[in-house]
Amino acid sequence: MTPGTGPAPLLIACALGVERLALLLGSRSATGPVTVLRTGMGPRAAERAVSRALTRPALRDAAVLATGFCAGLAPGMRPGDLVVATETRDGADTVPCAGTGPLTASLTRLLPGRTVHTGPLLGTDHVVRGPERAALLATGAIAADMESAVTLRTAAVAELPEPGPADPGGRTRPVAAVRVVVDAPTHELVRIGTLRGGISAFHVLRAVIPAFCEWHRKVMLPWR
């Protein structure tokens with residue numbers, strides 16, 4: 001989309017088919033141009049898919065939001081809790097997230113029965129299990145997944161279109177990450193009750209699209 005001719009789109013990236021299904025079911029309530037991208041599992045797949053998507057003319061100036069399921073690291077987290085990243089960390093790279101406060105507020109209003117956690121989200125190259133959670137929590141991260149950090153890093157460095165006459169210079173692409181806890185320190189994936197926790201996380205992910213759209217409108221206002 002050419003800058004200045006209409007609202008820039010929102011690209012929502014997730015890894016798994018079940019995550020995409022939940023988001024597509026929820027996208028019926030979307031209030032703007034939204035594309036749901038299934039990247040595939042793992043950081044390499046996410047990097048390839050997001051890089052390709054942002055070369056499409058219709059998505060070149062898109063805001064990018066990474067979402068899906070995650071491993072909670074902090075004590076007290078439960079399946080179905082939400083994690084709004086203040087930043088994503090991936091090795092030596094840290095990407096700050098835009099509009100964390102408004103996004104947290106929107107999710108809290110939309111899902112009043114759910115706990116919303118905010119803090120750093122850590123990228124890993126494998127599923128986090130057992131005692132590893134404590135070691136990752138000690139880094140300051142509150143949750144971990146395999147795709148969010150590389151998704152945001154890829155989006156942050158992707159080239160934006162040249163600004164049009166009505167656009168300010170020096171634009172940066174808004175990025176954010178919201179994850180739904182599917183397993184936590186006292187609710188490991190391998191334990192009985194995992195299915196129930198997964199169903200809970202699915203329903204939460206299905207419900208978040210209106211908050212994502214509200215975030216998108218707010219962070220894109222300076223571009224319009």
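Keep in mind that the numbers below use all heavy atoms, side chains included, and drop hydrogens, waters and symmetry copies. By convention here, the first residue in the shown sequence is residue 1.
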Before you tell me yes or no, could you show the steps for L111 and V204 under side-chain contact (heavy atoms from CB on, under 4.5 Å), namely the whole-Å CA-CA distance, both residues' side-chain angles and the distance that decides it to 0.1 Å?
CA-CA 8 Å; L111 295 161; V204 172; 4.0 Å; yes
Might you work through the salt bridge (charged side-chain N to carboxylate O under 4.0 Å, His left out) test for D183 and R78, ending with a clear yes or no?
CA-CA 7 Å; D183 69 318; R78 299 179 61 84; over 6 Å; no
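- When the options V182, V178, T67 are evaluated for a side-chain contact (heavy atoms from CB on, under 4.5 Å) with L205, the one that passes is T67.
- With rounding to the nearest 0.5 Å, the separation of CG in L11 from CG in D61 is 11.5 Å.
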Does the pair E147 and R44 meet the rule for a salt bridge (charged side-chain N to carboxylate O under 4.0 Å, His left out), with working shown?
CA-CA 8 Å; E147 297 84 23; R44 290 185 180 180; over 6 Å; no
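- Here the side chains of V128 and R133 are in contact, with some heavy-atom distance below 4.5 Å.
- In this structure the side chain of V181 never reaches within 4.5 angstrom of the side chain of L82, judged on heavy atoms.
- Side chain of R89 to main chain of T94: no donor-acceptor pair is present (N/O by atom type, distance under 3.5 Å, no hydrogens or angles).
- In the hydrophobic clustering of this structure, M146 does not group with V150; members are Ile, Leu, Val, Met, Phe, Trp, Tyr whose side-chain heavy atoms approach within less than 4.5 Å, directly or through other members.
- Between T88 and A177, the shortest heavy-atom contact is CG2-CB, 4.2 Å.
- A distance of 3.5 Å separates OG in S148 from CZ in R179, rounded to the nearest 0.5 Å.
- Contact annotation: the side chain of C70 never approaches that of V180 to less than 4.5 Å [non-hydrogen atoms, C-beta and beyond].
- In terms of heavy-atom proximity, M220 sits nearest to P174 at SD-CG, 3.6 Å.
- Note that the CG atom of L59 and the CZ atom of R52 stand 13.0 Å from one another [nearest 0.5 Å].
- L21 has its side chain within reach of F202: a pair of non-hydrogen atoms, C-beta onward, lies under 4.5 Å apart.
- Scanning both residues, A85 and L121, for their nearest heavy atoms gives CB-CB, 3.8 Å.
- Scanning both residues, A155 and R173, for their nearest heavy atoms gives O-NE, 3.0 Å.
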Please lay out, stage by stage, how L54 and V64 fare under the test side-chain contact (heavy atoms from CB on, under 4.5 Å).
CA-CA 9 Å; L54 293 178; V64 176; 4.2 Å; yes
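- In this structure, L73 CG and E132 CD are separated by 9.0 Å, a value rounded to the nearest 0.5 Å.
- Contact of the P96 side chain with the T86 side chain is not registered, since no non-hydrogen atoms from C-beta on lie closer than 4.5 Å.
- In this structure, M77 and G72 approach most closely via the heavy-atom pair SD-CA, 3.4 Å.
- Linking Ile, Leu, Val, Met, Phe, Trp and Tyr whenever their side-chain heavy atoms come within less than 4.5 Å puts L16 and V127 in one cluster.
- Counting heavy atoms from C-beta outward, T100 and V84 have side chains that approach closer than 4.5 Å.
- The closest side-chain heavy-atom distance from R109 to E214 is below 4.5 Å.
- Here the closest non-hydrogen pair linking K218 and P102 is CD-CB, 4.1 Å.
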Given V175 and L65, is the side-chain contact (heavy atoms from CB on, under 4.5 Å) satisfied, shown in steps?
CA-CA 6 Å; V175 296; L65 195 152; over 6 Å; no
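- A donor-acceptor contact shorter than 3.5 Å is absent between the side chain of E47 and the backbone of P43.
- The CG atom of D93 lies 5.0 Å from the CZ atom of R153; values are rounded to the nearest 0.5 Å.
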Step by step, would you call S200 with R114 a side-chain hydrogen bond (donor to acceptor under 3.5 Å, both in side chains)?
CA-CA 11 Å; S200 175; R114 298 290 174 180; 3.2 Å; yes
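- Using a distance-only test at 3.5 Å, with no hydrogens or angles considered, a donor-acceptor pair links the side chain of W215 to the main chain of A98.
- Put simply, the side chain of L152 does not reach to within 4.5 Å of the side chain of T154, judged on heavy atoms.
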Assess whether side-chain contact (heavy atoms from CB on, under 4.5 Å) is satisfied between T35 and L10, documenting all intermediate values.
CA-CA 6 Å; T35 296; L10 170 62; over 6 Å; no
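- The CD atom of E19 sits 8.0 Å away from the OG1 atom of T39 when rounded to the nearest 0.5 Å.
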